Every structure is written in C-alpha cells, then in structure tokens.
Participant: 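Have a look at the structure that comes next, please.
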Amino acid sequence: MRIKLDASQPFDLEATLCCGQAFRWEKQDDWWKGVVANKILKIRQKGAELQFENVGSDFVKAYFGLNDDLVSIYAQINKDRQIGQAIQKFDGLRILRQDPWECLVSYICATYKNIPAIKRMLQNLAQRFGEKISFDNQGYYAFPTPERLAEASITDLKKCSLGYRVHYVQQAAKKVNENESEFAQIRNLTYEKAKAKLLGFSGVGLKVADCILLFSMGKLEAFPVDRWIDRVILRYYSNHFSQEFVSKISRKQSSLSKAEYERLSAFGRNYFGKYAGYAQEYLYHYERSCQ
DNA sequence: AGCTTACCTTGTGC
DNA sequence: AGCACAAGGTAAG
C-alpha cells in the first residue's frame, strides 16, 4: 500500500525511527521492519511516498503521527536558534503513537541504561515470552502480553538482563493484567491525571511517566527531562533560571530531585507550549547527533 | 515537606 | 584491569 504525503506535512521516517523513542525497529536494506499490533509492519519512504505492507493506511497514519499538523507545531515551538537548528536538521521527525503497554515496559527498563542495552533487553523479553511471527522467511516476536509477563517467574525474567528492573516489570505486568481496560483508559485522561495514574506503577517516576505519556498516549505537552535534556537546558536555556539553581544542577552527580525535575520539565511546557514534547524530541535527537 | 544518600543490576567503552 | 557511565526509582533518614 501507499500513502502520498502532503507537501505541507513533512515526514522523515528515518529520523522518526532513529531518534530513540522506539526500540524495536530494524532496518534491512531500505525497508524498516517492526512489530506493531502483533503484525510485522514493513515500510519505506521514497520522497513524498510511503510504501508499506501488512497494515492499513489508517494504522500507519495513526502510528507515525501523520495526523499531527507538524507545520503548525513548528510555528508554535520554534522559539529560538537552538530549537530552530534542530527542526531544520530533522525536519519531518514525528512523535509515534506506540502501544502503551509496550511503552510502559520499555521505559521501566530504560532507567540507567543506554539505548543499545534497552533494545537488547526488550528483544530478550520478546524472544523469550512473545509470540513468534514469521514473515519474509524470518522470525519475529510480538511484544509479550501483560498476561504472559505476569505469569513469568523472576528467575526467567532475570535471564533477559533486566537486572533490578525485573520486579518492576513483573509488578507492572500483574497490575495491567488485572485490569487491562483501566490501563487502556489512562490515555483518555488529562495529562496531569494520566501522569498520576502512571506514577502508581512502581518503577515509574516522573521521567518515565512523561516518556510513556508522550510516546504512547499522545500527550504532546509532556517534556521528559533525562540527562541529555538536562544538559541542553544548562547549555542553551540557563538564562531562564536563577544562577543558584543552574550551578546546583550543573554540580549534581546523582539524579534530579522531584522538585528539580518538575522545575526543568515545567520550563519546557511553559516555554514551548502545548507541543513541548515535540520540542523535547528535536532537542534530544539534535544533542545526541552532535556527539 | 522536601532533600540527600545508598542501593538496586548489567553492559559497554575508554 | 579498572572505572565511569548509561532516556532513574525507591526507601530510609
């Protein structure tokens, strides 16, 4: 199937899948392959045309955020030179609408890990507990269901290199499995209420909650602050904070306190507005790409 | 009430 | 070899 992209609606498949928001996409030749909704989605971009197999157009549009009015979003978040450069470099990067359950587990696992290690953990979980799906003579694995992970033993979960995160993942699986519809409803709440619900999961703090809200629940105002964004704010936006706060944050070795996190994240939401999450993702990807 | 500290595991890169 | 560090969270004090 194909989608012709509107010239007024930029899209960059590569940037969207490489910016670190999703962990289970692989590129083979010029095709991207990922497991979404228990199906293999195979997709590539040729200029303004998207070519894909195995799923419908509506699904592709929803998953890749093609319904977001990116031109309008740019107009609202393009506030300064730094974000302007990031937008220019990654023009067409979009926020995905991932599966909330997979996103929950992904970002519980993401604490204190780099992206390659996160990918490996999730791949381990899928191989060990996910349903096998064959496609193009290759074996893929669906992301494990809450039910399947809820019944997995700590011993088996540990074999996936989750480390201390095994207990968080197991508890999350049990909680979601006990009431799947309640979990599914979280995305329909406001940003604040949805965040409060997510914080009820052990292993989910402010940062992880913001990632889940942004990457799977369409809460585009969420502004996750990780080490990279922390660095970006200190480098380019420190004039928005007091001298004391800046020097305190820049001296920190350990993680941010709740209050410090909220101050940085609230800055992002206030400064960039209701699409702050888009700004975050551009700044994050740009900062990492300049390493 | 809000902050600091220790601890939670594993892998990678210098 | 040894160490720092990686899209952090929790519980104790």
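These numbers come from the heavy atoms of this one structure, side chains and all, not from hydrogens, waters or symmetry mates. Computed from a prediction, not measured in an experiment: that's the story for all the values here. Below, chains carry the letters A, B, ... as their sequence lines are ordered, and counting in each starts from 1.
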Participant: Look only at the side chain of A:S250 and the backbone of A:S247, and say whether a donor-acceptor pair between them is shorter than 3.5 Å.
Facilitator: yes
Participant: Go through B:dT4, C:dA7, B:dT9 for me and flag the one nearest to the A:E281 side chain.
Facilitator: C:dA7
Participant: Between atom CG in A:L157 and atom P in B:dT9, what is the gap in whole Å?
Facilitator: 14 Å
Participant: What's the CG-C1' distance between A:L283 and C:dA7, to the nearest Å?
Facilitator: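 Checked: the CG to C1' distance equals 14 Å.
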Participant: According to the Watson-Crick and G-U wobble definition with distances under 3.5 Å, which dot-bracket string, read 5' to 3', encodes DNA chain C, using [ ] for crossing pairs and | for pairs with another strand?
Facilitator: .|||||.||||||
Participant: So, A:K46 and A:D30, do they make that salt bridge, N to O below 4.0 Å?
Facilitator: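 A:D30 and A:K46: salt-bridged.
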Participant: Please go through A:W32's hydrophobic cluster and name the other residues, only I, L, V, M, F, W, Y counting, with side-chain heavy atoms under 4.5 Å joining them.
Facilitator: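 Members other than A:W32 - counting any ILVMFWY side chain reachable under 4.5 Å - are A:M1, A:I3, A:L5, A:F11, A:L13, A:L17, A:W25, A:V36, A:L41, A:I43, A:L50, A:F52, A:V55, A:F59, A:V60, A:Y63, A:F64, A:L66, A:L96.
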Participant: Please report, rounded to the nearest Å, how far the C1' atom of B:dT4 is from the CD1 atom of A:I249.
Facilitator: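 These atoms are roughly 14 Å apart.
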Participant: Just how far, in rounded Å, is P of C:dA7 from CD1 of A:I95?
Facilitator: 17 Å
Participant: Across the strands shown, which category fits A:R120 at heavy-atom distances under 4.0 angstrom: base, sugar-phosphate, nothing?
Facilitator: sugar-phosphate
Participant: Using a cut-off of strictly less than 4.0 Å, decide whether A:R231 has a side-chain nitrogen or oxygen near OP1 or OP2 of C:dA6.
Facilitator: yes
Participant: Measuring centre to centre across the rings, with the benzene-like ring taken for any Trp, is A:F143 within less than 6.0 Å of A:F129?
Facilitator: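 They do not qualify: ring centres at least 6.0 Å apart.
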Participant: Across the strands shown, which category fits A:L206 at heavy-atom distances under 4.0 angstrom: base, sugar-phosphate, nothing?
Facilitator: sugar-phosphate
Participant: Whether A:S161 contacts B:dG11 is assessed here as follows: a side-chain N or O lying under 4.0 Å from the phosphate OP1 or OP2. Is that the case?
Facilitator: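 So the side chain of A:S161 is within the cut-off, an N or O lying under 4.0 Å from OP1 or OP2 of B:dG11.
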Participant: When you compare C:dA7 with B:dC7, how far apart are their P atoms, in angstrom units rounded to a whole number?
Facilitator: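 My reading of the P atoms in C:dA7 and B:dC7 gives 24 Å.
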Participant: Report the nucleotide, chosen from B:dT4, C:dA7, B:dT9, that has the shortest atom-to-atom distance to any side-chain atom of A:K207.
Facilitator: C:dA7
Participant: Against A:Y74, only a single residue in A:Y278, A:Y275, A:Y282 fulfils side-chain hydrogen bond (donor to acceptor under 3.5 Å, both in side chains); can you say which?
Facilitator: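 Going through A:Y278, A:Y275, A:Y282 one by one, the side-chain hydrogen bond (donor to acceptor under 3.5 Å, both in side chains) with A:Y74 is satisfied by A:Y282 alone.
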Participant: Tell me whether A:R94 is salt-bridged to A:D68, with the criterion being a basic N under 4.0 Å from an acidic carboxylate O.
Facilitator: no
Participant: In whole Å, I'd like the distance from the CG atom of A:N114 to the P atom of C:dC5.
Facilitator: 14 Å
Participant: I want to verify a distance call: between B:dG2, C:dA7, B:dG11, whose nearest atom is closest to the A:K113 side chain?
Facilitator: B:dG11
Participant: When you compare C:dA4 with B:dA6, how far apart are their P atoms, in angstrom units rounded to a whole number?
Facilitator: 15 Å
Participant: A:W228 on top of C:dA7's base, within under 5.5 Å and under 30°?
Facilitator: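 Given the distance and angle limits, no, they do not stack.
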Participant: How far does the P atom of B:dT9 sit from the matching atom of C:dA12, given to the nearest Å?
Facilitator: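 My reading of the P atoms in B:dT9 and C:dA12 gives 16 Å.
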Participant: Specify the separation, in whole Å, of atom CD1 of A:I118 and atom P of C:dC5.
Facilitator: 18 Å
Participant: Round to a whole Å and report the spacing from CD1 of A:I108 to P of C:dA6.
Facilitator: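 Checked: the CD1 to P distance equals 21 Å.
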Participant: Within the side chain of A:D29, is there an N or O that forms a donor-acceptor pair under 3.5 Å with the backbone of A:W31?
Facilitator: no
Participant: Tell me whether the side-chain N/O atoms of A:T111 come closer than 4.0 Å to OP1 or OP2 in C:dG9.
Facilitator: no
Participant: Would you say the base of B:dT9 and the side-chain of A:K158 have a donor-acceptor pair closer than 3.5 Å?
Facilitator: no
Participant: When you check the gap from the basic side-chain N to the acidic O, do A:D230 and A:R227 get nearer than 4.0 Å?
Facilitator: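 No, no charged N to carboxylate O under 4.0 Å.
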Participant: Examine C:dA6: is either OP1 or OP2 under 4.0 Å from a nitrogen or oxygen in the side chain of A:R227? Give yes or no.
Facilitator: yes
Participant: Whole angstroms only, please: what is the NE2-C1' distance between A:H167 and C:dG8?
Facilitator: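 It works out to 16 Å between those atoms.
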Participant: Between the base of C:dG8 and the side chain of A:Y164, is there any donor-acceptor pair under 3.5 Å?
Facilitator: yes
Participant: Let's see if you can work this out: which of C:dG8, B:dT4, C:dA7 has an atom nearest to the side-chain heavy atoms of A:K248?
Facilitator: B:dT4
Participant: Are any protein N/O atoms closer than 3.5 Å to N/O atoms in nucleotides 10-13 of chain C? If there are, list each pair with its distance.
Facilitator:
from	atom 1	to	atom 2	distance (Å)
C:dT10	OP1	A:G203	N	3.1

Participant: With rounding to whole Å, what would you report as the distance between B:dG2 and C:dG13 at their C1' atoms?
Facilitator: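 That atom pair is separated by 13 Å.
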Participant: Would you check if the distance from the ring center of A:F23 to the ring center of A:Y107 is below 6.0 Å?
Facilitator: yes
Participant: Between the base of C:dA7 and the side chain of A:Y112, is there a donor-acceptor distance below 3.5 Å?
Facilitator: no
Participant: If the threshold is 4.0 Å, N to carboxylate O, is there a salt bridge linking A:K174 and A:E151?
Facilitator: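 A:E151 and A:K174: not salt-bridged.
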Participant: Considering only side-chain heavy atoms of A:V208, which listed nucleotide, C:dG8, C:dA7, B:dT9, is closest?
Facilitator: C:dG8
Participant: Is any side-chain N of the basic residue among A:K274 and A:E221 closer than 4.0 Å to the acidic one's carboxylate O?
Facilitator: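 No, no charged N to carboxylate O under 4.0 Å.
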